[in-house]
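Some notes on the structure that comes next.
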Amino acid sequence: MKENCIFCETVTGDLPAPVVFEDDLTIAFLDHRPVFPGHCLLVPKLHYETLVDLPAALVGPFFATAQLMASGVEQALEAHGTFMGINNRVSQSVPHLHVHIVPRRRKDGLRGFFWPRHKYESSEQMQSIQEAIKLTIAKLQDQHL
């Protein structure tokens with residue numbers, strides 16, 4: 001854990017977050033200023049600043065979880081697809097590796113990479129979306145057992 005890292009504080013539970021998935025390696029939670037409702041962040045529990053810093057042995061398991069998250073977000077929100085992105089240093093608002101998983105719909109108005117960010121309309125909306133994603137991911141995991 002790194003001192004003064006808000007994602008490390010999220011991992012330890014010192015900073016509450018609307019968690020949608022957690023395993024031994026990762027934790028995923030709703031972004032507090034989503035591009036669209038359901039926009040999640042997937043982070044490794046151990047502090048790695050960038051993808052380049054992530055040990056090679058963890059790349060496969062980390063991206064297997066990213067794949068699960070993409071499917072879970074898409075299905076839970078009945079989205080047409082997802083956008084997934086990683087910033088390494090430039091435009092990286094938190095210096096802790098994280099993957100953005102953003103639900104997308106055809107003609108949703110997004111163009112390029114200058115996307116408006118919005119807060120959730122209410123805590124109830126955020127909680128409803130959080131629960132939908134959690135349930136869908138649990139079902140997907142059960143199907144793969």
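Values below: every heavy atom of this structure, side chains too, minus hydrogens, waters and symmetry copies. Position 1 is the first residue of the sequence; numbering continues from there.
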Over all atoms of both residues, closest heavy-atom pair of S91 and N87: O-ND2, 3.2 Å
Gap between atom NE2 of H118 and atom CZ of R33 - 0.5 Å precision: 10.0 Å
Neighbour count >12 (heavy atoms, 6.0 Å) for atom CD, Q92: yes
Same apolar cluster (I L V M F W Y, side chains within < 4.5 Å links), M1/L97: no
Cluster link M69 to F29, ILVMFWY, side chain under 4.5 Å: no
Single-linkage hydrophobic cluster, 4.5 Å side-chain cutoff, L51 and L41 together: no
Minimum side-chain heavy-atom gap I86-H100 below 4.5 Å: no
For Q67, side chain to side chain contact (heavy atoms under 4.5 Å, CB included) partners two or more places apart: none
Distance, nearest 0.5 Å, that separates CD of Q141 from OG of S71: 11.0 Å
Side-chain heavy-atom pair N88, E49 within 4.5 angstrom cut-off: no
In one Ile/Leu/Val/Met/Phe/Trp/Tyr side-chain cluster, 4.5 Å: V19, I129: no
Could you list the donor-acceptor pairs under 3.5 angstrom formed between side-chain atoms of residues 7-14 and any protein atom two or more places apart in sequence or on another chain?
| from | atom 1 | to | atom 2 | distance (Å) |
| --- | --- | --- | --- | --- |
| T10 | OG1 | I6 | O | 2.9 |
| T12 | OG1 | C8 | O | 3.4 |
| T12 | OG1 | E9 | O | 3.1 |
| T12 | OG1 | D14 | N | 3.4 |
| T12 | OG1 | D14 | OD2 | 3.1 |

Expected output: side-chain Y120 to main-chain P34 donor-acceptor under 3.5 Å: no
Residue pair H80 / E74, side-chain heavy-atom distance below 4.5 Å: no
Worked check of side chain to side chain contact (heavy atoms under 4.5 Å, CB included) between L110 and F83: CA-CA 11 Å; L110 293 185; F83 167 82; over 6 Å; no
Pairs flagged by side chain to side chain donor-acceptor pair (under 3.5 Å) wherever residues 128-138 is involved - sequence neighbours left out: none
Atom pair SG/NE2 of C40 and H98 - distance to nearest 0.5 Å: 12.5 Å
hydrophobic_cluster_shared for V94 and L30, side chain cutoff 4.5 Å: no
Pair H39-I101, side chain to side chain contact (heavy atoms under 4.5 Å, CB included): steps then yes or no: CA-CA 6 Å; H39 174 172; I101 300 121; over 6 Å; no
Derivation of the side chain to side chain contact (heavy atoms under 4.5 Å, CB included) call for F21 and I27: CA-CA 6 Å; F21 177 80; I27 188 168; over 6 Å; no
Residue list, salt bridge (charged side-chain N to carboxylate O under 4.0 Å, His left out) with D53, at least two apart or on another chain: none
Residue pairs, two or more places apart or on separate chains, that pass ring pair (Phe, Tyr, Trp, His ring centres under 6.0 Å) and touch residues 46-67: H47-H96
Candidate pair T65 and L25, rule side chain to side chain contact (heavy atoms under 4.5 Å, CB included), full reasoning: CA-CA 9 Å; T65 302; L25 175 66; 5.6 Å; no
Side-chain donor or acceptor of D142 paired with backbone N/O of K139 under 3.5 Å: no
Residue pairs fulfilling salt bridge (Lys or Arg N to Asp or Glu O under 4.0 Å) with at least one residue in residues 20-30, sequence neighbours excluded: E22-K45
Contact summary for L77 and P103, nearest pair of heavy atoms: CD1-CG, 3.8 Å
Shortest non-hydrogen contact from A70 toward T82: O-CG2, 3.7 Å
